[in-house]
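Remarks on the structure that follows.
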Amino acid sequence: RLLVPILLPEKCYDQLFVQWDLLHVPCLKILLSKGLGLGIVAGSLLVKLPQVFKILGAKSAEGLSLQSVMLELVALTGTMVYSITNNFPFSSWGEALFLMLQTITICFLVMHYRGQTVKASPGSHQLPQRAHRPALSHHSLPAVWGLPGPNL
């Protein structure tokens with residue numbers, strides 16, 4: 001009974017498993033659709049793991065483009081956010097969640113093996129001094145305002 005709301009509506013559960021009407025087409029369609037959706041979500045757990053293990057085994061991410069990995073991450077995140085905001089069932093957007101998590105792992109590994117990860121040290125969480133200054137100081141504003149419109 002716990003899986004009934006996840007896999008199919010209660011009326012279909014009664015139709016298929018209480019009345020044993022195994023040829024009730026509308027309920028079979030729902031069960032097949034939900035089952036395939038959850039199967040795809042389960043399969044998405046393993047899609048990128050071979051790539052992650054290969055990167056870890058080689059201790060290198062040579063040949064991988066950080067920009068393409070991040071672009072894929074943006075696409076997956078957009079798909080997932082759109083699905084969540086439209087209240088789609090988990091079986092239709094769950095794969096994007098697991099692919100996104102695996103892509104984040106690959107992105108981290110690419111940056112790590114390129115030496116671009118932040119090293120954990122005392123005070124490393126602080127921004128550099130230049131980040132505290134405004135992007136445009138009061139000295140550079142007149143120069144920017146003096147530019148002609150098309151060049152700006």
Side-chain angles (χ1 to χ4, degrees), residues 1-10 12-13 16-17 27-152:
R1 285 277 182 187
L2 289 174
L3 295 176
V4 171
I6 296 172
L7 293 177
L8 65 159
E10 188 150 348
C12 284
Y13 174 81
L16 292 172
F17 299 109
C27 290
L28 283 176
K29 285 182 181 180
I30 292 171
L31 182 63
L32 181 65
S33 173
K34 292 278 189 164
L36 286 174
L38 291 173
I40 290 170
V41 169
S44 71
L45 288 167
L46 305 172
V47 169
K48 293 185 176 275
L49 287 183
Q51 186 177 13
V52 170
F53 291 140
K54 186 161 186 159
I55 293 169
L56 288 171
K59 294 185 180 359
S60 170
E62 187 177 342
L64 289 176
S65 166
L66 181 62
Q67 289 84 6
S68 66
V69 174
M70 295 189 83
L71 186 61
E72 181 182 7
L73 183 60
V74 168
L76 289 168
T77 305
T79 300
M80 191 179 76
V81 168
Y82 178 80
S83 299
I84 291 172
T85 56
N86 286 309
N87 294 322
F88 292 164
F90 179 76
S91 60
S92 67
W93 61 266
E95 70 174 292
L97 171 68
F98 296 119
L99 289 173
M100 183 184 72
L101 294 173
Q102 293 171 49
T103 304
I104 288 171
T105 303
I106 291 171
C107 186
F108 171 78
L109 290 173
V110 168
M111 292 177 68
H112 176 70
Y113 286 121
R114 289 183 181 174
Q116 296 174 344
T117 52
V118 178
K119 298 197 182 336
S121 63
S124 66
H125 62 278
Q126 296 175 349
L127 293 172
Q129 188 64 24
R130 69 176 178 270
H132 295 293
R133 282 186 258 139
L136 294 172
S137 69
H138 59 65
H139 299 292
S140 62
L141 283 176
V144 171
W145 286 332
L147 292 174
N151 291 338
L152 184 60

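Counting begins at 1 with the first residue of the sequence.
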Looking only at atom types and distance, does a side-chain atom of Thr79 sit under 3.5 Å from a main-chain N or O of Ala75, one as donor and one as acceptor?
-> yes
Does a side-chain heavy-atom distance below 4.5 Å link Gln51 with Ile55?
-> yes
Once you round to the nearest 0.5 Å, how far does CG of Leu71 lie from CD of Gln67?
-> 9.5 Å
Between atom CH2 of Trp93 and atom OH of Tyr82, what is the distance when rounded to the nearest 0.5 Å?
-> 15.0 Å
Side chains of Leu28 and Leu32: closer than 4.5 Å at any heavy-atom pair?
-> no
Give, for atom NZ of Lys48 and atom CD1 of Ile104, the distance between the pair rounded to the nearest 0.5 Å.
-> 11.5 Å
Using modelled atom types only, decide if a donor and an acceptor are shared between the side chain of Gln102 and the backbone of Ser44 within a distance under 3.5 Å.
-> yes
What is the distance from atom CG of Leu101 to atom CD1 of Ile106, rounded to the nearest 0.5 Å?
-> 11.5 Å
For Val69 and Leu73, what are the C-alpha separation, side-chain angles and deciding distance, and is it a side-chain contact (heavy atoms from CB on, under 4.5 Å)?
-> CA-CA 6 Å; Val69 174; Leu73 183 60; 5.8 Å; no
Interatomic distance, CZ@Phe90 vs CG@Leu38, rounded to 0.5 Å, equals 8.0 Å
Separation of Glu62 CD from Arg114 CZ (nearest 0.5 Å) = 9.5 Å
Here the pair of heavy atoms bringing Leu76 nearest to Ala96 is O-CB, 4.1 Å
